[in-house]
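Atoms considered below: every heavy atom in the structure, side chains included; atoms not considered: hydrogens, waters and symmetry mates. These numbers were taken from a predicted model, which means no experiment stands behind them. Below, read A as the first sequence line, B as the second, and so on, with proteins coming before strands; counting in each chain starts at 1.
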Number of protein chains: 2
Amino acid sequence: MDKSSSLRLNGRIWIETEKGRLLGRGRVELLERIQASGSIRQAAMQMKMSYRQAWEYVKILNEGFGAPLVMSVRGGKGGGNAILTEKGIETIQQFHALNAKLQLFLAENQNL
Amino acid sequence: MDKSSSLRLNGRIWIETEKGRLLGRGRVELLERIQASGSIRQAAMQMKMSYRQAWEYVKILNEGFGAPLVMSVRGGKGGGNAILTEKGIETIQQFHALNAKLQLFLAENQNL
DNA sequence: TTGCGTTATTCATTTTAAAACATAACGTTT
DNA sequence: AAACGTTATGTTTTAAAATGAATAACGCAA
């Protein structure tokens, strides 16, 4: 029997290395938008973040995971493009699976 | 069978209201140090945070929970002091219980 | 009644993080 | 060969957050 309350339990998970946070909510969304648009720039614009930062995130991700999650080309048709590697796609799925479990955990412990 | 990796799943939980985050790791530690020292200033010093901020956190907590977690007096013996209310003590315990469950969850999902 | 150490609060300064700006490089397309 | 749109990167500006400094209020203790 829960007390009525405006309080709510919330939380986040992320994948990290000894160097710090590597992949969380925001970067997963970035990866998904890169996948959908084929462009780092478009993904950044959609998320209202600077291309500069989006590009840096991609760099950090590729280095942090030891293998690229995103492969990009410059020049050519459309000016260039970016696509997710198999590992990138898998990583997104993995994060979603973990996050779904977290949401379950949070829902189960909403008894404040 | 987990792949060997330097990657690690981590996470945090907190209690929030519609106005934003209210109580997480750091503020719980602050409460505990206030409890142990009887002083907001001492607690702040121990955590290497400014009294200014510690005091503000206490204010936000007291307002956010609808009832004070910390009661303070100024003047008198020692210059003043701060103690936790029953609700403050309960809230700490509640957070620890939730956080212990989270740690379990994280440990169970370390298979990266 | 003076001093002490703390709570309480405002204001200025510093630090940090993010955004914005500016170019260069690149390879299709026209 | 010029234009285009993107990747790639360094530099500058801006905005947000934390810190530090300053001051008042307070009540006990000496």
- With sequence neighbours left out, the residues meeting side chain to side chain donor-acceptor pair (under 3.5 Å) with Y51(A) are none
- Quick one: pull up CG in L22(B) and CD in E63(B) and give me the separation to the nearest 0.5 Å. 10.0 Å
- Task: Specify the separation, in whole Å, of atom CG of N81(A) and atom C1' of dT29(C).
- Result: 16 Å
- Item | Partners meeting side chain to side chain contact (heavy atoms under 4.5 Å, CB included) with Q53(A) (sequence neighbours left out) | M49(A), S50(A), Y57(A)
- Encode nucleotides 23-30 of chain D as B, S and - characters from 5' to 3', where the letter depends on protein heavy atoms closer than 4.0 Å: B to the base, S only to sugar-phosphate, - to neither. --BBBS--
Side-chain donor-acceptor pairs under 3.5 Å in residues 102-109 of chain A, sequence neighbours left out?
unit_1: N109(A); atom_1: OD1; unit_2: K101(B); atom_2: NZ; d: 2.8
unit_1: N109(A); atom_1: ND2; unit_2: F105(A); atom_2: O; d: 2.8

- Message: Please list, in numerical order, the residues of residues 24-61 of chain B that have a heavy atom closer than 4.0 Å to any atom of DNA chain C.
- Response: S39(B), I40(B), R41(B), Q42(B), Y51(B), R52(B), W55(B)
- Return the set of residues passing salt bridge (Lys or Arg N to Asp or Glu O under 4.0 Å) with E56(A) (not counting sequence neighbours), or none when no residue passes. R52(A)
- Query: So, does Q110(B) use its side chain to make a donor-acceptor pair with the main chain of L9(B) at under 3.5 Å?
  - Reply: yes
- Message: For a quick test of reading the model: is some side-chain N or O of S72(A) closer than 4.0 Å to OP1 or OP2 of dA8(D)?
- Response: yes
- Pairwise side chain to side chain donor-acceptor pair (under 3.5 Å) hits with a residue in residues 17-35 of chain B, at least two apart: E29(B)-R33(B), E32(B)-H96(B), R33(B)-Q46(B)
- Which residues pass the side chain to side chain donor-acceptor pair (under 3.5 Å) test with W55(B), sequence neighbours left out? none
- Would you list the pairs meeting side chain to side chain donor-acceptor pair (under 3.5 Å) in which at least one residue belongs to residues 71-82 of chain A, sequence neighbours left out? none
Can you name the atoms? Protein N/O to nucleotides 12-14 of chain D N/O, anything below 3.5 Å, with the distance.
none

- Nearest-0.5 Å distance that lies between atom CG in L31(A) and atom CD1 in I89(A): 10.5 Å
